[in-house]
Amino acid sequence: MSQKKEVHSKVLIIGSGPAGYTAAIYAARAMLNPILVSGMEPGGQLTTTTDVENYPGFSDVIQGPWLMEEMRKQAEAVGTIFKNDMIKEVDFKKYPLELLGESGDKYTAETVIIATGAQARWLNLDSETKFRGFGVSACATCDGFFYKNKEVVVVGGGNAAVEEALFLTKFASKVTLIHRRDSLRAEKLLQQKILSHSKIKIIWNNKIKEIVGTENPKGVTSVILENTIDQSISKIDTHGIFIAIGHDPATKIFSNQIEMDKEGYIITKADSTKTNIKGVFAAGDVKDKTYRQAVTAAGMGCMAALEAEKFLSENN
């Protein structure tokens with residue numbers, strides 16, 4: 001059995017999306033030799049996003065996984081040390097700050113940048129769990145291709161749901177958007193696109209009550225809907241269901257360690273990535289439920305690294 005190590009760093013970054021990678025680039029350029037623990041999903045949510053059209057500096061559509069790989073290479077080139085591990089426990093009551101990895105390695109750090117991001121939210125139906133990966137997905141860009149010339153359903157009413165529905169029109173013969181309210185929360189430009197799209201139908205004031213499918217071969221065949229106003233039941237045939245009802249921040253390991261809001265997002269000081277714990281900073285979707293963009297996450301990663309550098313120089 002290999003001996004578990006103790007690893008010390010001036011800057012420890014948890015998470016490897018745009019926030020984590022950008023923090024690493026800035027911290028490494030400041031000669032702070034950051035360690036980045038890449039977690040369960042290296043590259044974050046962008047690795048499941050194929051077409052990225054709004055990241056500054058690219059006039060052509062770029063691929064999310066490619067962008068993340070380039071960020072990683074840049075962070076590595078300037079001196080970031082990568083650890084393929086997952087933090088499972090933290091103790092922010094001690095200083096230096098202490099963290100424990102799934103590998104058994106213990107990390108101590110003078111500053112920590114939390115960039116663990118957020119994960120897709122599910123409907124929590126037994127039938128949804130049963131067919132997850134067999135017709136139920138939370139990522140149109142990952143799985144849309146499998147629904148060429150088939151009918152699909154998207155659940156939600158925000159930007160994510162509308163973007164998924166529009167993306168799926170590239171493959172599906174028909175896309176039905178199901179929303180529990182009577183109006184969308186998505187930005188106006190996206191609303192115009194979806195409302196005028198010939199392949200998209202919107203069913204208002206309805207929620208999914210049950211997902212129906214076959215066992216052999218395993219797959220989805222239809223969804224049962226419940227009207228949110230009069231509770232009437234209806235059924236529509238579909239080959240696939242894409243859940244796009246929001247995200248939950250990946251902050252479970254920080255509970256009772258750091259100040260969060262009631263939804264579990266880390267609270268930071270105004271115009272800052274500083275948390276209520278000395279030397280701990282938070283950047284990206286783990287603290288941002290408003291913008292949730294790669295570019296804002298990257299910007300916060302930069303802020304966190306600069307603030308960590310300032311903290312270290314002041315507390316030398």
Side-chain angles (χ1 to χ4, degrees), residues 40-41 43-51 63-65 117-182 184-186 190 193-195 197-248 250:
M40 192 168 58
E41 193 180 36
Q45 291 180 75
L46 266 193
T47 53
T48 60
T49 306
T50 48
D51 291 358
Q63 301 300 300
Q119 283 137 4
R121 200 176 284 160
W122 297 92
L123 299 169
N124 296 324
L125 298 170
D126 289 343
S127 53
E128 173 193 54
T129 310
K130 180 181 177 182
F131 290 107
R132 203 179 288 177
F134 295 92
V136 175
S137 170
C139 179
T141 46
C142 321
D143 302 324
F145 181 77
F146 302 117
Y147 297 93
K148 226 169 182 176
N149 302 321
K150 293 182 175 178
E151 295 188 5
V152 296
V153 159
V154 176
V155 183
N159 278 2
V162 172
E163 281 167 359
E164 301 253 292
L166 289 165
F167 176 81
L168 286 163
T169 60
K170 294 181 186 181
F171 308 103
S173 56
K174 182 185 175 187
V175 178
T176 304
L177 183 79
I178 294 162
H179 187 38
R180 58 188 306 134
R181 298 183 181 85
D182 61 1
L184 298 169
R185 300 187 313 278
L190 286 172
K193 278 187 181 179
I194 196 170
L195 293 167
H197 205 293
S198 59
K199 271 190 177 183
I200 298 175
K201 178 190 176 187
I202 302 178
I203 297 179
W204 305 104
N205 300 316
N206 265 271
K207 63 178 185 179
I208 291 192
K209 188 174 168 64
E210 180 120 25
I211 294 164
V212 181
T214 54
E215 278 299 333
N216 198 8
K218 196 169 184 180
V220 168
T221 54
S222 61
V223 283
I224 295 168
L225 306 178
E226 183 182 335
N227 189 292
T228 53
I229 294 167
D230 63 14
Q231 283 70 57
S232 60
I233 302 293
S234 60
K235 182 180 177 183
I236 56 169
D237 292 336
T238 187
H239 295 101
I241 297 154
F242 292 86
I243 314 295
I245 54 169
H247 291 78
D248 291 312

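Residue numbers start at 1 and run along the sequence shown.
In this structure, the side chain of H239 engages the main chain of E151 through a donor-acceptor pair within 3.5 Å. In this structure, K218 contributes its side chain and F134 its backbone to no donor-acceptor pair below 3.5 Å. A donor-acceptor contact shorter than 3.5 Å links the side chain of T221 to the backbone of V212. In this structure, E128 contributes its side chain and N124 its backbone to a donor-acceptor pair below 3.5 Å. Listed for the E226 side chain is no donor-acceptor partner under 3.5 Å among the backbone atoms of K209. Between the S137 side chain and the G133 main chain, no donor and acceptor come within less than 3.5 Å of each other.
Between N159 and A186, the shortest heavy-atom distance links the atoms OD1-CA, 3.1 Å. Of all non-hydrogen atoms in V154 and A161, the two that sit nearest each other are CG1-O, 3.5 Å. Of all non-hydrogen atoms in Q119 and A250, the two that sit nearest each other are NE2-CB, 3.9 Å. Closest of all the heavy-atom pairs between A120 and A138 is CB-CB, 3.8 Å. For the pair E164 and A244, the tightest heavy-atom approach, listed with the atom from each and the gap, is CG-CB, 4.2 Å.
Looking at D126, T238, V153, I241 one by one, the single match for side chain to side chain contact (heavy atoms under 4.5 Å, CB included) with I211 turns out to be I241.
The CG atom of L184 sits 6.0 Å away from the CG atom of L195 when rounded to the nearest 0.5 Å. Remark: I200 CD1 to I194 CD1 distance equals 4.0 Å, nearest 0.5 Å. Here the straight-line distance linking atom NZ of K174 with atom CG of N149 works out to 15.0 Å at 0.5 Å rounding. Rounded to the nearest 0.5 Å, atoms CG (N227) and CG (N205) are 6.0 Å apart. Taking CG of L177 as the reference point, atom CD1 of I203 lies at 9.0 Å (rounded to 0.5 Å). To the nearest 0.5 Å, atoms CD1 (I229) and CG (N206) are separated by 8.5 Å.
In this structure, the side chains of W122 and T129 stay at 4.5 Å or more apart for every pair of heavy atoms.
A 6.0 Å sphere centred on CZ of R180 holds no more than 12 heavy atoms belonging to other residues, nucleotides or ligands.
Salt bridge annotation for E210-K235: absent, with no cationic side-chain nitrogen under 4.0 angstrom from a carboxylate oxygen.
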Test salt bridge (charged side-chain N to carboxylate O under 4.0 Å, His left out) on E163 and K193 and set out the steps.
CA-CA 10 Å; E163 281 167 359; K193 278 187 181 179; over 6 Å; no
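Checked against a 6.0 Å centroid threshold, the rings of Y147 and F242 count as neighbours.
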